[in-house]
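Below is one structure; the comments refer to it alone.
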Protein chains: 2
Amino acid sequence: MTNILRCYLMRQFSGDNNNNYCCDMRGMLGFLILFLLSKKPMHGQEIAEEIARRKGEKPSPGTIYPALKNLRQMGFIISDEKEGKTIVYSLTDRGKNALRTSKRRFIQTFLGVFP
Amino acid sequence: MTNILRCYLMRQFSGDNNNNYCCDMRGMLGFLILFLLSKKPMHGQEIAEEIARRKGEKPSPGTIYPALKNLRQMGFIISDEKEGKTIVYSLTDRGKNALRTSKRRFIQTFLGVFP
DNA sequence: TTATATATATCGGATGACCAATATATTACG
DNA sequence: CGTAATATATTGGTCATCCGATATATATAA
């Protein structure tokens, strides 16, 4: 595991606050993808389209696929056997745990923003 | 107004999706500050402490003050006359509008994340 | 078969959030 | 008064997100 991945992991999903990355608000894309995949397994384009529906702008391939690659390398998502041209991703148990932790922090941070 | 500020403005607060910055998820700090100030006027340290309470980690001075400066330069917040060592910030009308737009986009993007 | 559309993938570059270190000003306390 | 603590502010540097461009593979249509 590279240092970059470790930092990303710590920053986004660690419950341990003894690191310097907690205040970095970047990385909502990974979080959002995990959340979307927790609803139902999807392939890359499906995810991009769902994000487009929510944000009004579709993330480019250069955004979505590296993000998926990171999440896969971290063991948070797994790709089913490639069938044809689509690759369907779903959450691993580790991904579910990561999402749970991440969600708790997200909710706590933005408490009151939602009506 | 510099180009950087314009891009930031467009990215974070514009309802116009015809720009290339909508998919950038960075900048949650500015949004969070606007939200906190909408509850009550605060000075820098108060804001930092409230964020610490929510996130579990206090943003450094090098994070919070440039963020406040940006928001001020964009006309979203205004500083009351400096009394002693504290500078109390509050939202301008433009800041309130920005927050409203930003909030709508935030809620739409993360729909379902909150319980 | 060939052409087009779709899905996946990678790379280079730009960007700006963020922190650590540092500096200054004001207040509080001895 | 001088020292310590608090609040504000700036700078330099690191970092990873994100996009645009490009490439490849598969599926569909002609």
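Because the structure is predicted, anything quoted here is derived from the model rather than measured. Throughout, protein chains are lettered first and strands after them, A, B, ... in sequence-line order, and every chain is numbered starting at 1.
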**Message:** Measuring from the side chain of A:L29 (C-beta onward, heavy atoms only), which nucleotide among C:dT8, C:dA20, D:dC18 has the closest atom?
**Reply:** D:dC18

**Message:** Measure CD1/A:I51 against C1'/D:dT17 and give the value in whole Å, please.
**Reply:** 13 Å

**Complete:** Among the nucleotides D:dA7, C:dT8, D:dT10, whichever has the atom closest to the side chain of B:K85 is D:dA7

**Item:** Value in whole Å for how far the P atom of D:dT8 lies from NZ of B:K58
**Value:** 10 Å

**Asked** For A:F76, does its backbone N or O pair with a side-chain atom of A:T92 as donor and acceptor, under 3.5 Å?
**Response** yes

**Request:** For B:M42 and D:dT8, give me the distance from atom CE to atom C1', rounded to whole Å.
**Result:** 16 Å

**Asked** Centres of the A:F106 and B:F106 rings: under 6.0 Å?
**Response** yes

**Fill in**
Winner on side-chain proximity to B:P59, out of D:dA7, C:dC19, C:dT10, is C:dC19

**Request:** Let me know the distance between OH of B:Y65 and C1' of C:dA23, rounded to the nearest Å.
**Result:** 13 Å

**Prompt:** Nearest to the side chain of B:T63, which nucleotide is it out of C:dT8, C:dC18, D:dA7?
**Reply:** C:dC18

**Asked** Does the side chain of A:K69 get closer than 4.0 angstrom to OP1 or OP2 of C:dA9 through an N or O atom?
**Response** no

**Asked** Contact class for B:G62 (heavy atom, under 4.0 Å): base, sugar-phosphate, or nothing?
**Response** base

**Item:** Spacing of A:N70 atom CG relative to D:dA16 atom P, expressed in whole Å
**Value:** 10 Å

**Request:** Would you confirm whether A:R94, through its side chain, and A:M74, through its main-chain N or O, come within 3.5 Å as a donor-acceptor pair?
**Result:** yes

**Asked** Taking CD from A:E46 and C1' from C:dT8, how many angstroms apart are they, rounded to a whole number?
**Response** 14 Å

**Request:** Look at the side chain of B:Y89 and decide which nucleotide, out of D:dT8, D:dA9, D:dT6, has an atom nearest to it.
**Result:** D:dA9

**Message:** Is there a path of hydrophobic side-chain contacts, each under 4.5 Å between heavy atoms, that joins A:I78 and A:L34?
**Reply:** no

**Distance, rounded to the nearest Å, where B:L68 contributes CG and D:dA7 contributes C1'** = 12 Å

**Prompt:** In whole angstroms, how far is the P atom of C:dT26 from the NE2 atom of B:H43?
**Reply:** 16 Å

**Asked** Quick one: which of C:dT8, D:dT10, D:dT8 gets closest to the side chain of B:I87?
**Response** D:dT8

**Prompt:** Side chain of A:S60: nearest nucleotide among D:dG20, D:dA7, C:dT8?
**Reply:** D:dG20

**Asked** Given side chains that start at C-beta, do those of B:Y89 and B:R72 come closer than 4.5 Å, heavy atoms only?
**Response** yes

